[in-house]
2 protein chains.
Amino acid sequence: MNDMMDQEIKGRAASKNLAHTPGQCPMDPLLRAVSGRWTLYILWLLRSEGPQRFGALKTQIPGISAKMLTERLRGLEAAGLITREVVPTIPPQVTYAMSCRGAELHRALDGLHQVAEKWQGEGWTLEAGATE
Amino acid sequence: MNDMMDQEIKGRAASKNLAHTPGQCPMDPLLRAVSGRWTLYILWLLRSEGPQRFGALKTQIPGISAKMLTERLRGLEAAGLITREVVPTIPPQVTYAMSCRGAELHRALDGLHQVAEKWQGEGWTLEAGATE
DNA sequence: TTCCTTAGTTACCAAAAGGTACCCACTTAC
DNA sequence: GTAAGTGGGTACCTTTTGGTAACTAAGGAA
């Protein structure tokens with residue numbers, strides 16, 4: 001039965017049923033790429049502010065360390081969601097931007113942002129401990 | 001100057017500029033609530049499959065342990081994104097569902113899912129190490 | 001009588017995440 | 001002569017995360 005369903009689902013993928021034979025849900029790799037601690041935040045900055053240099057990102061993400069930022073950026077680059085452009089001047093100059101693939105997340109990011117603004121307006125916050 | 005901007009921004013929040021005096025970006029609390037390891041996955045299951053019992057969730061999320069699942073569910077509940085309904089029969093029966101607030105994420109989740117399906121169709125995957 | 005069920009909780013332990021400090025390169029400014 | 005500035009890399013050390021195993025409760029089945 002599962003074999004038959006797999007065939008069927010390929011085309012319509014999860015319109016009502018799961019499209020994931022465990023580990024095959026299309027959401028899995030995407031969420032895996034995006035669920036890191038600051039990852040979505042970085043993507044959102046690049047989406048809303050345009051290409052940014054390393055230092056600018058670090059400034060705009062309050063609590064992050066250089067090590068973390070580097071790590072996340074490397075991860076996003078490896079996932080193909082952002083690009084890294086180096087101008088090898090003497091103080092180096094490295095700019096990050098959404099890649100073409102990353103740009104396909106714009107709608108989803110905007111959707112999140114819209115909700116975020118609404119909830120902020122409603123005074124919604126996490127009392128410490130949620131998901132922490 | 002920052003004080004004045006704070007006043008201005010409250011109403012229009014990040015239409016083009018950042019609305020985040022560091023730590024005040026509306027995206028921050030939302031992303032914080034949602035960026036845990038399995039969190040978005042759980043939300044997506046509840047969105048696409050409807051209310052689910054603990055055991056059903058555990059089955060559908062391949063590598064997760066009971067401890068992790070409990071922890072994430074508690075976090076989402078604390079954040080007000082899901083509800084927890086207990087029927088205190090002798091083998092207990094606990095059902096989780098999106099809360100009203102959580103339901104506001106539907107559009108964003110659907111957006112992510114749409115992208116996820118597209119990328120799956122294109123054969124996109126993370127070669128190990130990305131964001132890990 | 002003993003086991004199985006569900007949805008956890010707790011204690012214990014290993015592994016990973018993440019912070020801090022220190023290093024580099026080269027040019028300019030003091 | 002030396003400090004600053006950019007975008008990191010590396011080592012060291014602590015904190016957090018997450019897995020595993022054992023325990024719980026009330027009743028029904030074997």
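Convention: sequence-line order gives letters A, B, ...; per-chain numbering from 1. Atoms considered below: every heavy atom in the structure, side chains included; atoms not considered: hydrogens, waters and symmetry mates.
- The interatomic distance linking B:Ile90 (CD1) with C:dC4 (P) rounds to 19 Å, in whole Å.
- Atom-to-atom, NZ of B:Lys67 to C1' of C:dA15 comes out at 12 Å; the value is rounded to the nearest Å.
- Atom CG of B:Leu57 is separated from atom P of C:dA7 by 9 Å (rounded to the nearest Å).
- Close to C:dG19, at under 4.0 Å from its OP1 or OP2, lies a side-chain N or O of A:Ser65.
- Rounded to whole angstrom, the span from the CZ atom of B:Phe54 across to the C1' atom of C:dT9 amounts to 11 Å.
- For the side chain to side chain contact (heavy atoms under 4.5 Å, CB included) with B:Val94, the qualifying choice from B:Gln52, B:Arg53, B:Arg84 is B:Arg84, the only one to do so.
- Counting only heavy atoms from C-beta on, A:Thr70 has its side chain closest to D:dG9 among C:dG8, D:dG9, C:dT5.
- Regarding A:Glu85, its CD atom lies at a distance of 19 Å from the P atom of D:dT6, rounded to whole Å.
- Side-chain nitrogen and oxygen atoms of A:Arg84 include none within less than 4.0 Å of the OP1 or OP2 phosphate oxygen of D:dG7.
- The side chain of A:Pro92 sits closest to D:dT6 out of D:dT6, D:dG18, C:dG8.
- With rounding to whole Å, B:Arg37 atom CZ is found 12 Å from C:dG18 atom P.
- Picking from D:dT6, C:dT9, C:dA7 the nucleotide with the shortest atom distance to the side chain of B:Arg74 gives C:dT9.
- Side-chain contact between A:Leu57 and A:Ile64: absent, with no pair of heavy atoms (C-beta onward) separated by less than 4.5 Å.
- One can place NZ of A:Lys58 at 9 Å from P of C:dG19, the figure rounded to the nearest angstrom.
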request  = Please assess B:Met27 against A:Leu40 for the test side-chain contact (heavy atoms from CB on, under 4.5 Å), listing each intermediate value before the final yes or no.
outcome  = CA-CA 9 Å; B:Met27 287 292 261; A:Leu40 278 172; over 6 Å; no
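- In terms of phosphate contacts, A:Arg72 brings no side-chain nitrogen or oxygen within less than 4.0 Å of OP1 or OP2 of C:dA17.
- One interatomic measurement links the two molecules: CG of B:Leu73 to C1' of C:dT6, which rounds to 14 Å at whole-angstrom precision.
- At a threshold of 4.0 Å, the pair B:Lys67-B:Glu71 does not count as salt-bridged, since none of the basic side-chain nitrogens sits closer than that to a carboxylate oxygen.
- Residues A:Ala66 and B:Arg53 each lie close to DNA chain C; by heavy-atom proximity, the contact nearer the 5' end of the strand is made by B:Arg53.
- Other residues, nucleotides and ligands contribute more than 12 heavy atoms inside 6.0 Å of the CZ atom of B:Arg101.
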